[in-house]
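Have a look at the structure below before the remarks.
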Amino acid sequence: MYTAHPDRYADLPYRRTGRSGLKLPAISLGLWHNFGPDRPVETQRAILRRAFDLGVTHFDLANNYGPPPGAAESALGEFLKADFAVYRDELVISTKAGYLMWPGPYGEWGSRKYLLSSLDQSLARMGLDYVDIFYSHRPDPETPLEETMGALHSAVQQGKALYVGISNYSAEQTREAARILGELGTPLLIHQPRYSMLDRRPEEEGLLDALDELQVGSIVFSPLEQGLLSSRYLDGIPEGSRAASDSPFLQSDAVTEELVGRLRALDEIAKGRGQTLAQLALAWVLRGGRVTSALVGASSAQQIEDSVAATGNLDFEAEELARIDAIIKQ
């Protein structure tokens, strides 16, 4: 029987999410692509246990995570029952709806019918009465934003979610979503954008500025840019990597000699800080406190340990940031 480490709250920092009362760990665990039936159950269990022992209290999912879709939620449901039932009130569990889950016109996007039906299915898979955060996973160009945000509000009113969030919304869409939710009486808690040293669109397109203005939290996905910002690609494309398989999420032609040169230069900065390249990348997105939490995946318990260790040094000298910018933008 699993018993959580007694000192699990000793080291990992927690950050307040916007102006809410909810704090999130600086590192959160995403169950995106390592919690399906193609992965050993014991490895999945070890990842979750080690994460919680290190203070990672936030497990992030979506209805379509697996593979196949729904598998990650089902897997978490089994682990919650077996290991974490007594710790439920120490956990923040989030899920999302927006991408294709079932055939027909009601199986994706942002309609009230789809979002609330999907949430019911997610709760059933996880064996939960509620999730802590329920997201609209992507904006729907054909459904009025009032309907999508109204569905999130209803999830809270029905007691099936404590907070609501959005993901992949632009700065302008975020401001409008926050306005609608505010008028309904369910504040927008958090935004989940893609953000890394290599993908700075939240900065360049004004999203981080909008979140600061609205006092909305942020949790960023792909801070390691699908593994590019790790030691794996410092010598090109290794066998068995995501790029080697021409994954839809990372094509081999993206790993150019020029990019590898930049990664090596960033790795030298990381070494000077006593960090790995991955730890540097995580520290960079968490610098200055604008980002509430960095969302990481893991294929082993060791990867979670390495990610959490990044929080031991989140401070940057101005010269370091300038060097990083110069490398990225050269």
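Applying the salt bridge (Lys or Arg N to Asp or Glu O under 4.0 Å) test to pairs two or more places apart or on separate chains, those with a residue in residues 2-29 are Arg8-Glu90.
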Quiz: residues 69-81 side-chain donor-acceptor pairs under 3.5 angstrom, not counting sequence neighbours:
residue, atom, partner, partner atom, Å
Glu73, OE1, Ser122, OG, 3.2
Glu73, OE1, Arg125, NE, 2.7
Glu73, OE1, Arg125, NH2, 2.8
Glu73, OE2, Thr95, OG1, 2.5
Glu73, OE2, Ser122, OG, 2.9
Ser74, OG, Gly70, O, 3.2

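For an aromatic pair to be called close, the ring centres must be under 6.0 Å apart, and Tyr2 with Phe84 satisfies this.
When the ring pair (Phe, Tyr, Trp, His ring centres under 6.0 Å) test is applied to Phe221, no partner is found at least two apart in sequence or on another chain.
For Ser299 and Gln303, the side-chain atoms include at least one donor-acceptor pair closer than 3.5 Å. Tyr195 and Ser218 are not linked by any side-chain donor-acceptor pair at a separation below 3.5 angstrom, with hydrogens and angles left out of the test. Tyr114 and Asn63 share a side-chain donor-acceptor pair at under 3.5 Å. A donor-acceptor pair shorter than 3.5 Å cannot be found between the side chains of Arg138 and Asn168. A side-chain donor-acceptor contact under 3.5 Å links Ser28 and Ser293.
Side-chain contact between Tyr135 and Ser94 is present, with at least one heavy-atom pair separated by less than 4.5 Å. Side chains of Phe35 and Ile47 form a contact here, defined as non-hydrogen atoms less than 4.5 Å apart.
In this pair, His137 and Tyr65 present their aromatic rings perpendicular. The plane angle is above 60°, beyond the 30 to 60° band. Using cut-offs of 30° and 60° on the angle between ring planes, the pair Tyr14 and Tyr9 is tilted.
A salt bridge does not link Glu268 to Arg264: none of the charged side-chain nitrogens sits closer than 4.0 Å to a carboxylate oxygen. A salt bridge between Arg179 and Glu176 is present, with a side-chain N of the basic residue lying under 4.0 Å from a carboxylate O of the acidic one. Electrostatic pairing of Glu205 and Arg200 does not count as a salt bridge here, judged by no charged N lying under 4.0 Å from a carboxylate O.
In this structure, Arg88 is positioned above the aromatic face of Tyr130, its NZ or CZ under 6.0 Å from the six-membered ring centre and within 45° of the axis.
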